[in-house]
Amino acid sequence: KLSKTADGANTCIKARNEIPAKEVVVSCPFSLVITTHAVEKTLHAFCNLDTSSQTKYSARQRLCLYTSLHWIVSNDEDEL
């Protein structure tokens, strides 16, 4: 169930029923995990931001930029 947080964003997900302990709710192959190194490498390649330049942005900002680039690039490739 998607619920609104105090600031009105739809970012809170709640289970309708009790989830048993040790239940796998979500999983992700390690090859799809977004690592700091992957973000740094991608931002350097696409935005010409070296590692020292990236530190002026928060980890959340860098992750948002990384995922946005992923979406933009994948959409561009779909249109080719």
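Atoms SG and OH, on C47 and Y57 in that order, are 8.5 Å from each other to the nearest 0.5 Å. In this structure, OG in S27 is found 10.0 Å from CG in L32, a value given to the nearest 0.5 Å. Between the CG atom in L65 and the CD atom in Q54 there is a gap of 8.5 Å [rounded to 0.5 Å].
Around CD of E18, the count of heavy atoms belonging to other residues, nucleotides or ligands within 6.0 Å does not exceed 12.
No side-chain heavy atom of S58 sits under 4.5 Å from any side-chain heavy atom of L63. Counting only heavy atoms from C-beta outward, the side chains of E40 and T36 approach each other to under 4.5 Å.
The nearest pair of heavy atoms linking T55 to S52 is OG1-O, 2.7 Å.
In this view, T67 satisfies the side-chain hydrogen bond (donor to acceptor under 3.5 Å, both in side chains) rule with no residue, not counting sequence neighbours.
The residue from T42, L43, L49, I34 that alone fulfils the side-chain contact (heavy atoms from CB on, under 4.5 Å) condition with R62 is L43.
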